[in-house]
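Please read the structure below before turning to the comments.
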Amino acid sequence: EVAPPKAMEVRVKILYTSLCHTDVYFWEAKSQTPVFPRIFGHEAGGVVESVGEGVTGLAPGDHVLPIFTGECGECAHCKSQESNMCDLLRINTDRGVMIGDGQSRFSINGKPIYHFLGTSTFSEYTVIHVGCLAKINPSAPLDKVCVVSCGISTGYGATVNVARPPKGSTVAVFGLGAVGLAAAEGARASGASRIIGVDLNPSRFEGAKKFGVNEFVNPADHKKPVQEVLAEMTNGGVDRSIECTGNINA
């Protein structure tokens, strides 16, 4: 059962959801205290089914993407150009309930099923704080743009907003999955002249060309550490390096 939305909440019918490795990581419950039982999922696209009291920017029928790092729009972080770590809605992997009343909106036979990242998109219906939803153009195909709610915005945003490669610069992208491809696209949009993709899977190289990657390095093809290979290729090193594997060894 999925309860109706309360104040500043929205109930969304999820039409498409993708599987981000973050969901797998928390499902495996490694190196963490698990919250159980709960519904995972945070990268999705859906349609607003109903809205709670105080919600003015969304209405039933609107197409939306869930955002696990929400914006209240009022705190110092939300009003700053330097941060998006909202005081109210910042990412919290341990919280399994809604912020408004500390209760879950999911239940089975009266027993609570907990939330994940404030989104829980592996459910046909879910309840999300209005600050964790982005209204999108209804003509955008939800089966495609669902990945914008996490993977694409993560890689693209890290490059354009944080790394900020200057025009003509050289960028290395480690890992050519969805996040890495988005990072490469961000580097291309920023005007980088050399975008070097680094990945252990050579089958990813051809597809990465569509996202601006114009050189490739497979660490398995070299006996020396990959950073030494990159330094030799670039006469001392790249201008920006973006790590998108999630592997701390990288």
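Position 1 is the first residue of the sequence; numbering continues from there. Computed from a predicted structure; not experimentally measured.
For the ring-ring contact (aromatic ring centres under 6.0 Å, His included) test, residues two or more places apart in sequence or in another chain that qualify with Phe205 are Phe216. Under the salt bridge (Lys or Arg N to Asp or Glu O under 4.0 Å) criterion, Glu82 pairs with no residue, sequence neighbours left out. For Arg240, the side-chain hydrogen bond (donor to acceptor under 3.5 Å, both in side chains) criterion is met by no residue, not counting sequence neighbours. The ring-ring contact (aromatic ring centres under 6.0 Å, His included) check on Phe106 picks up His115, with sequence neighbours excluded. Glu74 is linked by a side-chain hydrogen bond (donor to acceptor under 3.5 Å, both in side chains) to nothing, counting only residues two or more places apart in sequence or in another chain. Taking the salt bridge (Lys or Arg N to Asp or Glu O under 4.0 Å) definition, one finds that Lys224 meets it with Glu232, sequence neighbours left out. Every residue meeting the ring-ring contact (aromatic ring centres under 6.0 Å, His included) condition with Phe40, not counting sequence neighbours, appears here in chain and number order: Phe116.
Here CD of Glu9 is found 13.0 Å from CG of Leu58. Values are rounded to the nearest 0.5 Å. To the nearest 0.5 Å, the span separating NZ on Lys144 from CD1 on Ile152 amounts to 13.0 Å. One distance of note links OG of Ser190 with CD1 of Ile195; it measures 8.5 Å at 0.5 Å rounding. Here the CG-CD distance, from Leu15 to Glu124, works out to 8.5 Å after rounding to the nearest 0.5 Å. Taking SG from Cys132 and CE from Met8, the interatomic distance works out to 11.0 Å, rounded to the nearest 0.5 Å. If you take SG on Cys150 and NE2 on His42, they are separated by 3.5 Å, rounding to the nearest 0.5 Å.
Under a hydrophobic-cluster definition in which Ile, Leu, Val, Met, Phe, Trp and Tyr are linked whenever side-chain heavy atoms come within less than 4.5 Å, directly or via other members, Val127 and Val55 are assigned to different clusters. Under the 4.5 Å side-chain contact rule for hydrophobic residues, Tyr16 and Val148 share a cluster. No continuous path of ILVMFWY side-chain contacts below 4.5 Å connects Leu230 to Val171, so the two sit in separate hydrophobic clusters. With hydrophobic clusters built from ILVMFWY side chains whose heavy atoms lie under 4.5 angstrom apart, Val10 does not share a cluster with Leu89. At a threshold of 4.5 Å between side-chain heavy atoms, the hydrophobic network of Ile, Leu, Val, Met, Phe, Trp and Tyr places Val97 and Tyr125 in two separate groups.
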Task: Worked verdict on Val229 versus Met233 for side chain to side chain contact (heavy atoms under 4.5 Å, CB included) - done: CA-CA 6 Å; Val229 176; Met233 290 173 59; 4.1 Å; yes
- [ ] Start with the C-alpha gap between Ile108 and Ile113, add the side-chain angles, then the distance that decides, and say whether side chain to side chain contact (heavy atoms under 4.5 Å, CB included) holds.
- [x] CA-CA 7 Å; Ile108 294 180; Ile113 308 296; 4.1 Å; yes
Open item on the list: If you apply the rule side chain to side chain contact (heavy atoms under 4.5 Å, CB included), what do you find for Ile91 with Leu117, and how did you get there?
Closed with: CA-CA 6 Å; Ile91 185 171; Leu117 291 180; 3.6 Å; yes
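At distances below 3.5 Å, not a single donor-acceptor pair connects side-chain atoms of Ser169 with backbone N or O atoms of Ala192. Between the side chain of Thr126 and the backbone N or O of Ser120, at least one donor-acceptor pair lies under 3.5 Å. Remark: the backbone N or O of Gly237 is paired with a side-chain donor or acceptor of Thr234 at under 3.5 angstrom. Panel note: side chain Thr17, backbone Glu43; a donor-acceptor pair is recorded below 3.5 Å. Of the possible donor and acceptor atoms, none in the side chain of Ser83 sits under 3.5 Å from a partner among the backbone N and O of His77. Side-chain atoms of Asp87 do not come within 3.5 Å of backbone N or O of Cys75 as any donor-acceptor pair. Panel note: side chain Arg188, backbone Lys210; a donor-acceptor pair is recorded below 3.5 Å. Judged purely by atom type and a 3.5 angstrom limit, Arg194 has no side-chain atom pairing as donor or acceptor with the backbone of Thr170. At least one donor-acceptor pair closer than 3.5 Å links the side chain of Thr159 to the backbone N or O of Gly155.
More than 12 heavy atoms of other residues, nucleotides or ligands sit less than 6.0 Å from atom CD of Glu28. Within a 6.0 Å sphere centred on NE2 of His222, heavy atoms belonging to other residues, nucleotides or ligands number more than 12. More than 12 heavy atoms of other residues, nucleotides or ligands lie within 6.0 Å of CG in Asn137, so this atom counts as buried by the packing criterion.
Annotation for Leu200 and Ala220: closest pair CD2-N, 3.9 Å, computed over non-hydrogen atoms. Closest of all the heavy-atom pairs between Val238 and Ser241 is CG2-CB, 4.1 Å. The shortest non-hydrogen separation linking Gly45 to Leu142 is CA-CD2, 4.0 Å. Between Ser193 and Asn214, the shortest heavy-atom distance links the atoms O-ND2, 3.2 Å. For the residue pair Ser18 and Asp23, the shortest heavy atom distance occurs at O-OD2, 4.4 Å. Among all heavy-atom pairs drawn from Gly180 and Val173, the shortest one is O-CG1, 3.5 Å.
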Check residues 242-250 and write down every donor-acceptor pair under 3.5 Å in which the side-chain atom is one partner and the other belongs to a residue at least two apart or another chain.
from	atom 1	to	atom 2	distance (Å)
Glu243	OE2	Thr245	N	2.5
Glu243	OE2	Thr245	OG1	2.3
Glu243	OE2	Gly246	N	3.2
Thr245	OG1	Asn247	N	3.0
Asn247	OD1	Asn249	N	2.8
Asn247	OD1	Asn249	ND2	3.4

Distance-only check: which donor-acceptor pairs under 3.5 Å involve side-chain atoms of residues 60-70, not counting sequence neighbours?
from	atom 1	to	atom 2	distance (Å)
Asp62	OD2	Ala59	N	2.8

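Partner of Arg38 under the side-chain contact (heavy atoms from CB on, under 4.5 Å) criterion, chosen from Phe122, Trp27, Tyr114: Tyr114. Between Asp199 and the choices Asn218, Val213, Leu176, the side-chain contact (heavy atoms from CB on, under 4.5 Å) rule is met once, by Leu176.
Val51 is not listed as a side-chain neighbour of Val130, based on a closest heavy-atom distance of 4.5 Å or more.
Listed by first then second residue, pairs satisfying salt bridge (Lys or Arg N to Asp or Glu O under 4.0 Å) with a partner in residues 112-121 number zero, not counting sequence neighbours. For residues 93-103, the salt bridge (Lys or Arg N to Asp or Glu O under 4.0 Å) pairs, not counting sequence neighbours, are Lys6-Asp101, Asp101-Arg105. The salt bridge (Lys or Arg N to Asp or Glu O under 4.0 Å) analysis of residues 108-122, with sequence neighbours excluded, yields no pairs.
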